[in-house]
Structure formats: C-alpha cells, structure tokens
Amino acid sequence: MEREVAIIGYAQTPYEEDADASREILVLRAAREALASAGLSRDDIGTVITANNDYLDGRTISNMRLVEPSGACLKDESKVEMDGAYAALYALMRLLSGFHDVAMVIGESQASVYPTYAPGVMTLDPTWDRQRGLLNEVSAAALQARSYMNTYGISEEQIAAVAAKNLGNAVKNPLALRAVPGATVEQVMGSRMLCSPIREMCAWPATDGACAIVLAAGDVARKANRAAWIRGVGFYHDSYLTERPLDKMTSLKMAADKCYAMAGIEHPEVEIDLAEISELFAHEELMAYEALGFCAEGKGGEFIDSGATRMDGILPVNPSGGVLAANAVCAAGLARLAEAAMQITGEAGDHQVKGVKTALAHGQTGLCAQENIVYVLGGE
Amino acid sequence: MKSGEGLKNVKRMSVPFAPVFNWSVGNWMEQFFDGLKQKKILASKCAACGRVYLPPRMICERCFDKTEEWVELPETGTVETYTMAHVGVADNGELEDLPEPQIIAMVKHDGADTCMAVRVDAQDCNVGLRVKAVWNAEPDGVLDALSAYRALD
C-alpha cells in the first residue's frame, strides 16, 4: 500500500445478553477507551466510520445520535450498514486517500432491543423467499451446513468440535458472553436441535455490545504506543443464497487470495500464526479453513480433528471464543480485527497466544456468508 | 430478555404504524405467479450464457444484462440440500418451536441452474432425492398455488 496503516488502539465492551445501557453509552465507552488506548484525544481524530443498521436500531439513519458518543461532532463522518469489518475498510480507504491520519471505527448493536431474527428475514428476496416463510438465518445456515457435509463427508461431530473449542476458549476471554468451561463435543451434540444439523451451541448467541478500533497512518502510526499493521485486505460479494453452491465459500476464497497477494503471503497455513474468524455457525469455521487455504478443499473436518486450530495448536483459530461466544451484530467482524491486533501487540491477556507475528481477521455479512472480508495484520 | 422484564432503563417501544410493504414484483415475477396459477413452472433464461433462473430473475448477474427468454420447466427436480427445521421465526421475530418439524429443501428443478427453497412433505429426505411439485387444488392466492414437493415414486 502507498501509505502504511496500523491499528493503534482498540476496545470492546463486555458482551452481554441484556446490557443495562443505551447504545449511545455502549458506543461512548468503546470509543473513549479505544482512543485512550491509542494515547490520542478527540482532536486527533480525522474521520469516524460507524457500522450500524436501521433494522437493528429501530430507526432510520441509525448513525444519527451516534455522532456524539463516537467523537464525530463536526468531523468527517460516515457509516456502513454492514459488519464493522467493512467500516474498517471504509476508514482504511479514507486514510489511504491521504486526507486523514487517524480514523475511529465503531460497530455496535443490542439484540435485547430488536426482534433477534427479524433483520435476517428482512434480507430475504421479498417477492418469494420472504413470502414463503421457510428461510431464516438458522434454516439457511442449516442448508449450507448440510450441503458442505454432503459434498465433503464432514460429520456432525467435526462441526460440534468447532463449538466445543471456541466456547472452551471463551472461558479465558473476560468479555465473552457465552463461555463453557471444558466444553466437549458430547455436550454440544446434546444441545437442542434448531434446524438439523445445527444445534443451539453451534449457533451465535443474541448479544449486546460494542467494539471500537483506532486506525492511523504515517507518522502517527509510527510514533504510536503500539501498532498492528494492515498488510493486506480483500473482499468479495457472492450471489444470493439460492443462486450459488452452498458447499463452499467462493467469495471468501477470492477475498483471501486478494488479501494474501497484497500481504505477500504464499503459504497461509505456515505464514499465518493465528486467525480470528466470523463463524456465525460452527460449520462455517470449517468451511473457512478451506477457503482461507489453511487446509485443502474438503479437509476442514480433518483439520479440526488434528488439533491444529486449538489454542496450543500450530494455527490457533478464535482464541477469543469467536462469534459463537459473542455476536453483537455489526461489531462481530470488527471485534475479530481488534482481537487479531491484540494478539499481535501481546495484549490479549489470558487468551494471548505466544509469538504471533502475522494474524488474520475475517468478517462477513449476509445470509450464508454472502459477503466476506479478510485482513492480514503484522507486527513491526 | 424480550418481554421487557428485567430491562432496567429501556422502554418498550413500537412503531406507530403497521409495517406492511407493497413491492412491485416486476414483470418477471408476475409472469411466474401467473404461470403458477396455471400449474406451470416458468423460468427466465439468459440469452447470452443460457443460465436458467428459477424463481425467474430479471437480470443475469454474470452477463450483466436482462434475461429476455422464458422456458417452461418440468415439475420435477432434485434436492440439493435440506434441513429438518424444529424451529421457525415467530411473528415477534424470535425463534419458536414448530408444531411439527418440517423439511425445508433447496430444490433444483430439471433444466434450472438455481434453486428454490421449498417445503418437502416426506418423513425423510436426502441430498439427491428426486421430487415433484404438489399443487394446491384451491389456492388462497398465487403464493399458495405451489404448496410443497413430494418424493417421486
């Protein structure tokens, strides 16, 4: 990239089922803390990009009234109505333009406020699928899971192993909403069936929370307290879910390839030390292993069985617990970026993995991961 | 916690109007719906690449152009993937247990390149199952004309 851009500050609120705070206060907490961690003040911010959604907030122009808590008053400000990882992309572009040196990026939502599954239904084709009343986020993901399992011979136990790993990891993340000490495959397999093969512990939990990161370019980044440098980014959009094969994540693979080319990564399975993946449903993490080139096509099940992605494995995935541990919609992918940065700077606390020099973060938007974005971060 | 109980500083609000939308379905969906009333499965076809869209789409995303041709497809197709749904989304936007589990499948009609998400009336399902449309004798509206699919004998 022409200009080097780094994540120099980050903060997440605790993820809760029912936060005793307004969205404005959640955003204020995350934004102030992120700015403080960057060692900057509001005067230093050039541009503010938020990720929020009119459906989730129950109002139009959902960034309205987030101007004050995000520090955007009388500043260059905009929003994306997608995952926060795309807000970070927008902010990155603003910094690469050369017009700004510091960007504040925030994602936030409160599932306790909105009807949890209504926004997903609203993303369906209105003239047919929404009228039929069959598809929703869970049944659509179940169709994706079955398609993947059928093509590649993946077992339900291998999918459950993702949930057991991530919910177990979450025990070491004090901000996680759902943490299960010593979670086992048997425990996951015993959880309530929602839409086969998806069980309750394999599906994201309704979550309240916010995440903020501070991006900086040029001298500000070089002089910062800490820096996780953005080495590459890639993002692609796939077809509507009934018009594409559901047994693979084509747009994620393309996004990863683009990102790796920019970051100069030729062998991701060796060169990437750690990944934070947006697995809204457990099987998506296995599909992502393949799309990200961590293992060969169809080998996602064997890869989890090998233990490679455990906290003590060769390529730990979701030491934070991932999205299965907390899914504040619009903040989830941004939180992956914050977590990956924390691993690079050595500030991940109890879930810190040793020696992380190169980390990957993934965000997604849309039913069955229709759009995917991949970042590679590096240390000094 | 959706009932409002336990929310310490949140007031339960509703919008002061019924959020009902009247979409224009466009010529393509209108023809599709008209076809269903006559028990015909009509799909749109891209003249350039030959891709057949069902439900019909007005635009071929690959060729970046309008789909101008129509083809009538047989009532038969193949299950590409399926789920046994134990829950659905209730009117309040939350998951609720279904009275009976139901099979939802992506069915690719013979001759189509895309899938339709449909209900399959069967005890069991599997990927590759051959299915056939079941028509409603007296549909309430066009959306009910095609009620479900059943396994081919």
Side-chain angles (χ1 to χ4, degrees), chain A residues 17-22 25 58-59 110-122 124-151 192-198 200 203 206 208 239-247, chain B residues 1-2 6-10 12-15 21 23-26 28-30 32-33 51 53-57 61-62 79-95 97-98 101-106 108 113-119 125-128 141-143 146:
Chain A
E17 198 172 74
D18 184 9
D20 186 18
S22 68
I25 294 301
R59 67 184 89 190
Q110 286 176 280
S112 65
V113 171
Y114 61 85
T116 312
Y117 293 90
V121 170
M122 294 299 266
L124 291 167
D125 164 26
T127 58
W128 182 252
D129 286 326
R130 201 187 303 174
Q131 306 296 333
R132 304 293 288 186
L134 299 173
L135 294 182
N136 54 63
E137 284 173 79
V138 181
S139 63
L143 293 168
Q144 179 192 38
R146 176 66 63 196
S147 180
Y148 172 60
M149 291 169 72
N150 185 71
T151 301
R192 187 166 74 112
M193 185 65 89
L194 300 178
C195 292
S196 70
I198 291 183
E200 198 160 31
D208 292 0
S239 307
Y240 183 68
L241 77 160
T242 60
E243 293 165 24
R244 63 176 142 118
L246 289 177
D247 59 359
Chain B
M1 190 68 68
K2 299 292 174 163
L7 300 182
K8 288 177 278 297
N9 61 0
V10 177
R12 192 165 195 195
M13 305 287 284
S14 55
V15 283
F21 299 85
W23 279 281
S24 165
V25 297
W28 276 252
M29 285 308 276
E30 195 163 328
F32 175 60
F33 289 143
R51 199 161 191 245
Y53 289 89
L54 185 72
R57 301 298 178 203
E61 59 185 0
R62 301 191 178 175
V79 169
E80 295 287 313
T81 181
Y82 70 96
T83 177
M84 179 74 83
H86 296 262
V87 297
V89 177
D91 288 346
N92 67 359
E94 302 299 330
L95 294 183
D97 289 332
L98 295 173
Q102 66 174 358
I103 295 169
I104 301 168
M106 289 281 199
K108 192 176 272 185
D113 291 301
T114 64
C115 289
M116 285 213 291
V118 300
R119 195 161 54 82
C125 196
N126 57 272
V127 175
V142 288
L143 285 166
L146 182 58

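Since this is a predicted model, take the numbers as computed values, not measurements. The chains referred to below are lettered A, B, ... by the order of the sequence lines, with proteins before strands, and numbering in each begins at 1. Quick note: numbers below take in every heavy atom, side chains included, and nothing from hydrogens, waters or symmetry partners.
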Below 4.5 Å from any heavy atom of chain B, which atoms of [X] appear? Answer side chain, backbone, both or neither.
X        : result
A/Asp247 : neither
A/Ser239 : both
A/Leu241 : both

So for [X], is it side chain, backbone, both, or neither that comes closer than 4.5 Å to the heavy atoms of chain A?
X        : answer
B/Ala105 : backbone
B/Asp97  : side chain
B/Met84  : both

Indicate yes or no for a side-chain donor-acceptor contact from A/Ser196 to the backbone of B/Thr83 under 3.5 Å, with no hydrogens or angles considered.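 The answer is no, because no donor-acceptor pair under 3.5 Å joins these two groups.
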Any donor-acceptor N/O pair, B/Thr81 side chain to A/Leu143 backbone, under 3.5 Å: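 Yes, because the side chain of B/Thr81 sits within donor-acceptor range (under 3.5 Å) of the backbone of A/Leu143.
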Identify the two heavy atoms, one from [X] and one from [Y], that lie closest to each other, and give their separation to 0.1 Å.
X        : Y        : answer
B/Glu94  : A/Tyr114 : OE2-O, 3.9 Å
A/Ser139 : B/Ile104 : CB-CD1, 4.1 Å
A/Trp128 : B/Pro55  : CD1-CG, 3.5 Å

Any chance you could measure B/Arg51, atom CZ, to A/Glu243, atom CD, to the nearest 0.5 Å?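 Nearest 0.5 Å value for the CZ-CD distance: 6.5 Å.
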Value rounded to 0.5 Å, distance of OH in A/Tyr240 from CZ in B/Arg57: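 Result: 6.5 Å between the selected atoms.
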Would you mind telling me which of A/Pro245, A/Ser147, A/Gly133 has the largest number of heavy-atom pairs within less than 4.5 Å of chain B?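 That would be A/Ser147.
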Choice from A/Pro119, A/Pro126, A/Ala118, A/Gly120 maximising heavy atom contacts with chain B below 4.5 Å: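 When all of A/Pro119, A/Pro126, A/Ala118, A/Gly120 are compared, A/Pro126 has the most.
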Just wondering, do B/Glu80 and A/Leu246 contact through their side chains at under 4.5 Å, heavy atoms?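 No. Closest side-chain heavy atoms not under 4.5 Å.
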Among B/Val89, B/Val118, B/Leu95, B/Asp113, residue most engaged with chain A (heavy-atom pairs, under 4.5 Å):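 The option with the most such pairs is B/Leu95.
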Tell me, with the steps shown, if B/Met116 and A/Arg132 meet side-chain contact (heavy atoms from CB on, under 4.5 Å). CA-CA 11 Å; B/Met116 285 213 291; A/Arg132 304 293 288 186; over 6 Å; no
